[in-house]
Amino acid sequence: MEMKEQLYEGKAKKVFATDDPALLIVDYKDDATAFNGLKKGTIAGKGIINNRMSNRLMAMLESKGIPTHYVKELSQRETLVKRVQIVPLEVIVRNIAAGSFSKRYGVEEGVVFDQPTIEFSYKNDALGDPLLNTRHALALKLATEAEIASIEDYSFRTNEILKTFWASCGVTLVDFKLEFGRLPDGTIVLADEISPDTCRLWDSKTGEKLDKDRFRRDMGGVEAAYLEIMKRLEANL
Ligand code: UDP
């Protein structure tokens, strides 16, 4: 697969065209940002871990009936994916209160929900990714009713699959963010990445944070946490 011009550079990834218009190459960087880009840094080796982890998890989800953009891992940092039109929604599924949920509703971090929650943000950096409900998403024509129904269904199914898998690794899946895209025929597929940058993952026994919160909160041991979570995944695949 020949790599062509760079189409986009985001906070954590670069995207390149290929000689096939239906396929793109994603290149994972070590750059990390938090708080809508206000905090910047690097996490050595993060790109390698996120690339590998996201690919393993997407392959697992595919095998269990969740369509994804994943095609093939090309190298330590590069992956071939299907070109999609990204639906401008960030979907967050939560099992346990943490982060912005705890802050917004005044709930202590760690409170376990009886049922998972779902929330949507409008993916728009200039507006600071404002929270919205599905009626708002329809009014803004960000997605159709049928697309939103698929996105909700895939998101909750993904949560069950990932929760079960991470539990087998001794890890609690607290919450995570997903993004979806449309294939040329309109089919909705899971896109972007699933990694310690986009999930909260706590050691089931000790509660130790094994994700990007260590970077956000200047807790130290960031690289070690990414290596540890990757080791757990590899050992239990
Ligand atoms: N998240 C993400 N990208 C974002 C916002 C959140 O990947 O732009 C992930 C985050 O890592 C966490 C979950 O979504 O696993 C819920 O994040 P939250 O809404 O609590 O926001 P935060 O506290 O990270 O600002």
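Values in this document were obtained by computation on a predicted structure and should not be read as measured data. We count ligands from 1, going down the list as the structure has it; atoms in each ligand are counted the same way.
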message: Counting only heavy atoms, tell me which of S102, G128, S100 gets closest to atom 21 (O) of ligand 1.
response: S100
message: Any protein heavy-atom neighbour for atom 18 (P) of ligand 1 (distance below 4.0 angstrom)?
response: yes
- prompt: Is it the case that more than 12 heavy atoms not belonging to E5 sit under 6.0 Å from its CD atom?
  reply: yes
message: For ligand 1, which is the ligand I care about here, please tell me if R104 has any N or O atom under 3.5 Å from one of the ligand's N or O atoms.
response: no
field: Closest protein heavy atom (residue, atom, distance) for atom 11 (O) of ligand 1
entry: R216 NH2, 2.8 Å
Within 6.0 Å of CG in D114, more than 12 heavy atoms from elsewhere: no
query: Given R200, R94, K177, which one has a non-hydrogen atom that is nearest to atom 1 (N) of ligand 1?
result: K177
- prompt: With atoms numbered from 1 as shown, which atoms in ligand 1 lie under 4.0 angstrom from a non-hydrogen atom of D175?
  reply: 12 (C), 13 (C), 15 (O), 16 (C)
- line: Tested for side-chain contact (heavy atoms from CB on, under 4.5 Å) against F120, the lone hit among N133, L89, L131, V87 is L89
message: Distance check, rounded to the nearest 0.5 Å: T68 atom OG1 versus L178 atom CG?
response: 11.5 Å
query: Is E160 paired with K163 through a side-chain N to carboxylate O contact shorter than 4.0 Å?
result: yes
query: Which atoms of ligand 1 have any heavy atom of G99 under 4.0 Å away?
result: 20 (O), 23 (O)
- request: Just let me know how K103 lines up against ligand 1, side chain, backbone, both or neither, with a heavy-atom cut-off below 4.0 Å.
  value: neither
statement: Taking only non-hydrogen atoms of D197 and a 4.0 Å limit, the atoms of ligand 1 in range are 7 (O), 11 (O)
message: Heavy-atom distances under 4.0 Å decide this one: backbone, side chain, both or neither, for I92 against ligand 1?
response: side chain
- prompt: Counting only N and O atoms by type, is there a donor-acceptor contact under 3.5 Å from the side chain of K46 to the main-chain atoms of D31?
  reply: yes
query: Would you say the side-chain atoms of R77 pair up with the backbone N or O of Y28, donor to acceptor, closer than 3.5 Å?
result: yes
message: Please determine whether a side-chain nitrogen of the Lys or Arg among E78 and K72 lies less than 4.0 Å from a carboxylate oxygen of the Asp or Glu.
response: no
message: Under 4.0 Å from a heavy atom of E90: which atoms of ligand 1 are those, numbered in the order shown and with their elements?
response: 4 (C), 8 (O)
- prompt: ligand 1 and E119, any nitrogen or oxygen pair closer than 3.5 angstrom?
  reply: no
